[in-house]
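Any value given below was found using the heavy atoms of this structure, including those in side chains, with hydrogens, waters and symmetry copies removed. What you see is a predicted model, and the numbers here were worked out from it, not measured in a lab.
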Amino acid sequence: VGHDSGIIVLRGRTGREEPIFLQILTGQIRYSIPEEMKKGSVIGSVAQDLGLDLQRLRAGRARIVSGENIQYTELKTDKGILVVNERIDREQLCGDVTPCSLSFEMILENPIELHRVTVEILDINDNAPFFPNTDIQFEMSESAMVGAKFPVESAVDPDVGVNALQNYILSPNNYFILKQHANPDGSKYAELVLQKPLDREEHPTLPLKVIAVDGGNPQRSGTVNIKVSVLDANDNAPVFNQSVYRAVVVENAPKGTYITTVNATDADSGSYGEIIFNFSKIKGSTVDMFSIDENTGVISVAGLIDFEKEKKYELRLEARDRGGLTGTSKVIIDVIDVNDNVPVINIMSFSNTISEDAPLGTTIAVINVKDADSEKNGQIKCAIDKTLPLKIQSSLTNYYNLVADQHFDRETTSEYDITIIATDSGSPPLSSSVTLQLRISDVNDNGPLFDKTSYSAYVKENNSPGMSITTVSAASDADWGQNARVSYFLEEKEINGVAVSSLVSVNSETGVIHAVRSFDFEQIKWFEFNVTARDAGSPPLSSVATVRILIQDQNDNPPQVLYPVQTGGSLVAEMVPRSADVGYLVTKVVAVDVDSGQNAWLSYKLQKATDRALFEVGLQNGEIRTIRQVTDKDAVKQRLTVIVEDNGQPSRSATVIVNVAVADSFPEVLSEFTDFTQDKEYNDNLTFYLVLALAVVSFLFITCLVVIISVKIYRWRQSRILYHSNLPVIPYYPPRYSDTLGTGTLQHVYNYEVCRTTDSRKSDCKFGRAGSQNVLIMDPSSTGTMQRIQSFLRHTLTWSWADCCRNMALISSESTIKWQVRAFILVFFIEATVCQIRYSVPEEMRKGSFVGNVAEDLGLDAKRLKSGGARIVSGDNSE
């Protein structure tokens with residue numbers, strides 16, 4: 001197996017040579033197989049002989065390109081072998097040409113590899129020699145001289161080599177022997193040679209048999225029966241004037257075209273001197289290409305002359321007189337080639353889609369061109385349109401590569417129609433063409449663009465959640481397909497402490513902005529946020545637009561009466577002396593409307609009154625005045641119902657009851673308004689519920705206090721047992737806790753560790769660095785010192801600790817009692833929530849194997865784990 005590889009180098013303007021990213025590997029292998037093998041028979045292991053693995057054959061889409069109408073072989077890519085696909089008949093395929101072989105190419109892609117495979121077809125003895133005519137009659141003069149030669153029609157054997165015609169055998173007789181001769185092309189012919197003078201009177205006819213045998217195993221043969229008729233004396237045979245004639249003929253010459261004339265003479269006279277010309281059938285159907293006039297010896301074209309099939313013809317000539325004597329000669333006819341075959345273009349490999357960012361020199365197609373003509377008529381040049389961003393260059397003999405010569409831009413040109421023209425050098429030149437369609441695949445090099453940078457939309461308050469507010473859309477994305485598919489997203493931000501995603505949402509596909517909840521103009525009048533348009537390319541590109549939502553007020557709030565205050569259990573009354581004049585100001589109804597604009601314009605009207613003729617209400621200011629002089633006949637108790645309406649559409653209203661006492665003294669008023677005293681039953685019920693709530697809270701507090709003290713005593717007893725034991729100390733660091741006494745988010749994290757051991761009844765304090773794990777977050781606003789904590793731990797906390805390390809917050813020192821109470825509660829909190837469990841597992845356990853039930857062992861339920869965001873913090877690189 002021979003291998004070679006080539007790299008094509010381009011010379012730029014600077015004169016430097018640079019590779020163009022094309023590497024084609026070529027190889028050549030040759031196999032020999034006998035003809036007539038069964039379909040599916042193995043020819044050879046292509047993968048092994050070329051040094052390729054099966055995965056390379058499959059990934060490279062290995063295939064065979066032969067250019068023949070019949071695919072004689074097939075490549076099994078799954079096994080890497082070459083097998084017989086069709087019956088191979090060497091005689092039909094090559095005739096008498098030796099050696100006979102099939103040549104084709106095997107192509108692989110990514111990278112492109114080209115390997116030439118030649119399969120030599122070995123002949124087997126599958127054809128017996130045969131004579132074109134099974135019976136031959138000879139007429140010989142009895143005066144024929146001893147040694148006279150009489151040619152025998154040659155037998156034909158399509159096989160070649162040792163399987164071809166090897167010998168002629170003459171049946172036993174007394175008059176003739178058989179002499180064999182070889183033609184220049186290797187074929188054999190025989191002549192009967194007279195050994196004994198003929199005697200017509202004794203034997204007027206002589207029956208002979210000539211057997212043609214080949215050299216195959218088993219040997220095959222063919223027989224011709226020869227009947228020799230003895231004539232009267234004709235002692236001169238025809239003689240050609242040349243032993244070899246030469247002539248030329250142009251291929252595709254029409255039938256009847258003159259080629260040459262042969263001549264022969266016979267010294268005899270009469271009928272023995274008349275000569276008949278004909279061809280000796282030496283080489284199959286070759287003689288059918290030409291004809292000879294039996295009287296004149298003119299040779300002319302009788303069939304289709306094709307230079308590509310046969311470049312030269314050799315014909316044996318016979319000149320026979322009427323006496324049966326013959327003379328022989330040979331004519332050699334050379335065929336002149338004409339440019340009658342157009343170039344044939346075969347696309348060996350073609351990538352119909354290429355990325356627009358493909359580098360220069362990327363191979364797009366591999367092209368094979370063939371021309372059956374010879375010399376200049378078979379020399380081919382390939383060309384493409386020079387305006388295309390491509391170029392075509394020769395790689396191997398009759399192979400061309402179509403490569404990228406410029407950078408592509410799909411947004412400018414998305415596809416190219418490439419016409420490849422192959423022209424030969426004949427006169428006149430012939431050409432053929434093939435058109436390839438190359439599509440440029442998109443690369444995400446263009447981001448989406450909004451049709452404007454900012455949008456404004458109005459929405460009325462009290463809108464329905466999910467209502468469409470407005471639409472933002474990317475006007476264009478010059479890319480295509482997935483790279484042009486735009487999705488819309490909200491940029492996270494807070495508006496008045498509320499995430500924008502809780503106010504509005506955007507449809508990721510259409511860009512429609514929906515209200516997530518109902519808006520209240522009185523809480524928020526407008527807000528802004530950003531919408532990002534992002535395509536689906538890799539990496540994605542995006543642009544941002546600003547959206548402003550303006551809330552429009554609606555009349556959704558009724559007026560609220562500020563004065564007079566309406567209470568359920570107390571009486572409020574305005575006193576009017578009986579001496580009041582007309583226009584006396586009794587009181588003023590004060591109301592407000594939280595709406596804005598005309599929705600907040602209020603008007604006041606008197607709806608009902610004990611005496612409508614006594615009072616009036618100001619339409620705009622809500623002032624209640626008398627409209628006449630108060631008399632003694634007017635009732636002391638006056639009840640006015642005032643309605644307050646806004647100016648919205650539809651309008652909303654509120655009513656207020658104003659009690660007016662027409663009297664000059666308070667006792668007179670009190671006697672009239674006894675029916676408005678406070679509801680005693682209501683007050684009794686309220687007192688009952690307050691006492692009940694206080695009792696429940698006190699009970700819960702005492703219960704919690706007892707439980708905490710019990711837990712502390714139990715742990716103190718356990719720590720005493722551990723203190724007197726020899727158990728090893730296992731250090732444990734509880735998780736990080738937040739200071740619940742702080743008033744805000746800390747800018748920095750201060751961590752302190754307070755550690756005690758089972759061997760010491762004193763506290764050893766250790767300061768930890770900020771940000772360490774398993775420590776308690778401290779309040780930086782604390783002003784106490786570490787000495788105060790140590791003193792507090794030594795004198796105030798008298799229990800022992802079961803674990804190695806405990807974390808404790810530095811308590812704020814606003815007052816001694818305050819920080820001591822805080823420390824007491826915090827220590828109890830830590831003690832109540834820190835636990836330790838231990839499991840033992842063998843190494844190499846599978847992922848997902850059960851270790852232990854943490855919830856059950858810690859006395860927690862599954863809901864507590866979920867709601868508490870339970871997680872493992874190990875500090876290791878791997879979990």
Side-chain angles (χ1 to χ4, degrees), residues 2-13 16-28 50 52 56-57 59-67 75 103-117 342-371 378-410 413 415-425 431-441:
H3 296 274
D4 58 87
S5 62
I7 298 179
I8 298 177
V9 177
L10 292 180
R11 186 182 298 275
R13 288 190 232 171
R16 298 172 58 189
E17 294 183 348
E18 299 177 353
I20 63 170
F21 307 103
L22 172 66
Q23 184 172 8
I24 297 181
L25 303 175
T26 63
Q28 183 172 343
L50 288 176
L52 302 174
R56 171 64 182 130
L57 291 180
R61 294 190 298 173
R63 60 189 183 277
I64 289 175
V65 179
S66 64
L75 178 63
S103 294
F104 48 88
E105 288 77 31
M106 186 181 74
I107 294 179
L108 293 90
E109 298 180 359
N110 299 323
I112 295 175
E113 295 185 31
L114 180 65
H115 303 281
R116 180 159 293 169
V117 181
V342 297
V344 178
I345 301 175
N346 296 314
I347 305 300
M348 313 306 291
S349 176
F350 173 52
S351 300
N352 59 356
T353 302
I354 188 172
S355 175
E356 64 176 318
D357 62 347
L360 298 180
T362 300
T363 301
I364 298 171
V366 177
I367 304 156
N368 172 250
V369 292
K370 294 181 180 180
D371 194 322
Q379 296 177 0
I380 306 171
K381 294 181 179 179
C382 285
I384 59 173
D385 188 352
K386 293 184 179 180
T387 61
L388 296 174
L390 306 164
K391 66 179 179 180
I392 192 167
Q393 54 191 19
S394 176
S395 56
L396 299 175
T397 304
N398 296 331
Y399 279 87
Y400 292 86
N401 296 325
L402 184 65
V403 298
D405 191 39
Q406 299 177 19
H407 293 289
F408 299 105
D409 186 2
R410 191 206 66 83
T413 305
E415 63 180 26
Y416 295 91
D417 290 329
I418 307 167
T419 301
I420 302 172
I421 302 174
T423 307
D424 61 26
S425 300
S431 64
S432 63
S433 64
V434 64
T435 300
L436 305 177
Q437 190 175 59
L438 177 64
R439 292 184 176 87
I440 309 301
S441 62

#### Entry: Set of side-chain contact (heavy atoms from CB on, under 4.5 Å) partners for V369, sequence neighbours left out
I345, I367, I380, C382, Y400, A422
#### Entry: Reported NZ-to-NZ distance for the pair K386 and K391, which is rounded to 0.5 angstrom
13.5 Å
### Query
Would you find a donor on one side and an acceptor on the other, under 3.5 Å apart, between the side chain of D385 and the backbone of T387?
yes
### Message
Pair M348, L114 - check side-chain contact (heavy atoms from CB on, under 4.5 Å), show working.
### Response
CA-CA 10 Å; M348 313 306 291; L114 180 65; 5.5 Å; no
### Task
Determine the minimum heavy-atom distance between V65 and I107, stating which atoms define it.
CG2-CD1, 4.2 Å
### Message
How close do T353 and S441 get, counting heavy atoms only, and between which atoms?
### Response
CG2-CB, 3.6 Å
## Note on the structure
Sorted by chain and number, sequence neighbours left out, side-chain contact (heavy atoms from CB on, under 4.5 Å) with A358 holds for I354, T362
### Message
My understanding is that only residues two or more places apart in sequence, or in another chain, count here; which of them pass side chain to side chain donor-acceptor pair (under 3.5 Å) with T397?
### Response
none
#### Entry: Full working for side-chain contact (heavy atoms from CB on, under 4.5 Å) between M106 and L50
CA-CA 11 Å; M106 186 181 74; L50 288 176; 3.3 Å; yes
### Query
Is there a side-chain contact (heavy atoms from CB on, under 4.5 Å) between I347 and V434 once you walk through the steps?
CA-CA 9 Å; I347 305 300; V434 64; 4.1 Å; yes
### Query
side chain to side chain donor-acceptor pair (under 3.5 Å) with Q379: which residues, sequence neighbours excluded?
none
### Query
Within the side chain of T423, is there an N or O that forms a donor-acceptor pair under 3.5 Å with the backbone of S431?
no
### Partners passing side chain to side chain donor-acceptor pair (under 3.5 Å) against S355 (at least two apart in sequence or in another chain)
D357
### Summary
dist F350:CZ -> N352:CG (nearest 0.5 Å) comes out at 5.5 Å
### Query
Say you draw a straight line from NE2 of H115 to CG of L52; how long is it, rounded to the nearest 0.5 Å?
5.0 Å
### Worked check of side-chain contact (heavy atoms from CB on, under 4.5 Å) between L402 and I384
CA-CA 9 Å; L402 184 65; I384 59 173; 3.7 Å; yes
### Query
In chain order, what residues pass the side-chain contact (heavy atoms from CB on, under 4.5 Å) check against D409, with sequence neighbours excluded?
E356, E411, T412
### Query
Who passes side chain to side chain donor-acceptor pair (under 3.5 Å) against E109, sequence neighbours left out?
R61, R63, S349
#### Entry: Point-to-point distance, once rounded to the nearest 0.5 Å, from CG of N401 to CD1 of I392
8.5 Å
### Query
Which residues satisfy the side-chain contact (heavy atoms from CB on, under 4.5 Å) test with V344, sequence neighbours excluded?
N346
### Task
Give the minimum heavy-atom separation between Y416 and L388, together with the two atoms involved.
CD2-CD2, 3.8 Å
### Summary
Interatomic distance, OG@S432 vs CG@D371, rounded to 0.5 Å, equals 8.5 Å
